[in-house]
Amino acid sequence: MAGAITIPTTHTLRLINPRSHSWLLNLRHISPPSFSLSTATSAASLSPAPSTAEEEDSDHHNSTPSDTPPKPSNKSAPFYPKRGQTLELVCDTLAFKGKGVCKVPETGFVLMCDRALPGERFLGRVTRKRGSYAEVAKLKTLSPHQDAVDAPCEYASYCGGCKTQSLSYEAQIKYKEQQVRELMIHVGKFSDEQPDCLSIMKPIVPCANQFHYRNKMEFSFSNRRWIPQELWEEEQGSGNEYALGLHAPGFFDKVLNVDKCLLQSEPGNAVLLAVQDCWRDESLGLSPYNVHSHAGFLKHLVIRTGRDVQTGKPEIMVNFVTSAYKPELLQTLVEKVSAITEVASIVNNINTSVGSTSIGEEEHVLYGKPIIAEVLRGLTFQISANSFFQTNTQQAEVLYELIEDAASLKGDGSEIVLDLFCGTGTIGLTLARRAKHVYGYEVVAQSIADAHQNADLNGICNATFVQGDLNKIDENFGKNFPRPDVVISDPNRPGMHMKLIKFLLKLKAPRIVYVSCNPATCARDLDYLCHGSVEQNIKGCYQLKSIQPVDMFPHTPHIECVCLLDLID
Ligand SMILES: C[S@@+](CC[C@H](N)C(=O)[O-])C[C@H]1O[C@@H](n2cnc3c(N)ncnc32)[C@H](O)[C@@H]1O
């Protein structure tokens, strides 16, 4: 039968329900880690393989959304729904990237829909066919999802930031936990029939603060304001084309104007409002950057919240990212923003590139100090405009405690820690207090400089941080540090490169703590480390001892995991 689901014979897992998990089979085709950063497996490439010309049949190829959705067609039910077809669907569960998983009632064919929530009945139009599933755009909710709550944010139904705000928090974390479990079974090939499976999969750690938890928000200025369809009538003729806010989902050039974001701190919102109140004033001569013509001055407003280490009170850094250095143009904004008590630093990053990054080629301090600080696990960290720092400080405390527990250093100062993807050294430095020496590796030079500074600031002398690309290691890697007792690996979303996996399998450190912000690539890498791979010519030598999901970002699809691996003797 066309589209029948088959399980690869090398696959030892028990299939829970082939129909409801067919999208997961695509994740088995995650390409092995690639050989350069630019082509490294990204979150996007984790999605099932791009559709072939055959699958992307030409029917409705150029169909555009119409105002009134066509009636659902329930005639014959071919296995593959057609592109442009409208279907009545019920969302079963949430999958990676927070997409709702639904099935064509007659055939069980799997459809993925952004913003569909479990239990919700809705009309959806098929927008794209993929290998063994299709994507659907939600047209209209027919009956709401179970566990529905009123989203407190006025932008929640169309802002790209929070996709699940109208789902109760208990339900959000339940689905996150479920996703990790399914990825570990289907991609990682860890059988759910193992007697000790329940003790390996720990219940997700919820986030105590479900709002105001982000310590960094990046807003963009734009000359193209995005108005969601439901507000078209209301906003018609308002004549206001400028926006400061968050990118509209799927548009690099359109921005949803926001006056408040419930994920950032209250003082952060005071800054946003102060800027919103005056930046459009024509007498100031300010213009938003136009990503098409590359004209315009204001690019981004980045607001970071840290802490005054003396008083424990919040302190704010405001970063205006502009296309040129013209401090006189920013004078009024600086006056308004610096009047907010918590603002301790205002900097101006000059970014002359045509790209959308907020990192400047030069930085000028316009008010106060050039850095702010934050305290994590009793250590003080300096935060500059462009340095990496965990974006949810309170939950990072919880995460780092879990990492420390998993590393379980003896505390007698005899052990060596290798901190891979160390960023500004935060994990390594928290472990250094109980270790003999920490060796950290990281690709971003500025982060390494910050790590050294953070070590000095906290009087830590037993940590060495080295800049290097862990995707490009050669046979010399490992010669500059002793064999570690514990490896911490905290890669970004693409996960670990095959060269690094091979290195770790050869290194045979007694313990690996794998910290991941992408459970799909995490499951793939754990599979390599534990089960090996005939294709990659590697033999696994680790046993998975525990997987601890942590919710760092409520209302978003992101899931963090701390996984503990022990060397098999
Ligand atoms: C998820 S962050 C973890 C940072 C740090 N462990 C922490 O908790 O703050 C991942 C880090 O990996 C770094 N990174 C990404 N690709 C890398 C590569 N190919 N080689 C070395 N470091 C890399 C990023 O710059 C980033 O600092």
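What you see is a predicted model, and the numbers here were worked out from it, not measured in a lab. Just follow the structure's listing: the first ligand is 1, and inside any ligand the first atom is 1.
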| request: Find the distance between NZ (K436) and CG (D412) and round it off to the nearest 0.5 Å. | output: 10.5 Å

| query | Hey, looking at atom 21 (C) of ligand 1, which of L420, I473, V443, L500 has the closest heavy atom? | reply | V443

| request: With heavy atoms of D469 as the reference, note each atom of ligand 1 found under 4.0 Å away. | output: 18 (C), 19 (N), 20 (N)

| Quick one: does Y441 get an N or O within less than 3.5 Å of an N or O on ligand 1? | no

| said: I'd like to know whether the aromatic ring centres of H531 and F190 sit less than 6.0 Å apart in this structure. | reply: yes

| said: With a cutoff of 4.0 Å, is C422 in contact with ligand 1, counting heavy atoms of the residue only? | reply: yes

| task | With heavy atoms under 4.0 Å as the rule, classify the contact between N471 and ligand 1 as side chain, backbone, both or neither. | result | both

| query | Quick one: does L470 get an N or O within less than 3.5 Å of an N or O on ligand 1? | reply | yes

| note | Honestly, for F421 the part within reach of ligand 1 (heavy atoms, under 4.0 Å) is both

| Contact summary for I372 and R304, nearest pair of heavy atoms | CD1-O, 3.8 Å

| task | Would you check whether F389 reaches within less than 4.0 Å of ligand 1, judged by its heavy atoms? | result | no

| Taking the six-membered ring for Trp, are Y439 and H437 parallel (under 30°), tilted (30 to 60°) or perpendicular (over 60°)? | tilted

| request: Could you tell me whether T426 approaches ligand 1 through its side chain, its backbone, both or neither, with non-hydrogen atoms closer than 4.0 Å? | output: side chain

| query | Contact between G425 and ligand 1, counting heavy atoms under 4.0 Å? | reply | no

| request: For I427, counting its heavy atoms only, list the atoms of ligand 1 lying under 4.0 Å from any of them. | output: 6 (N), 8 (O)

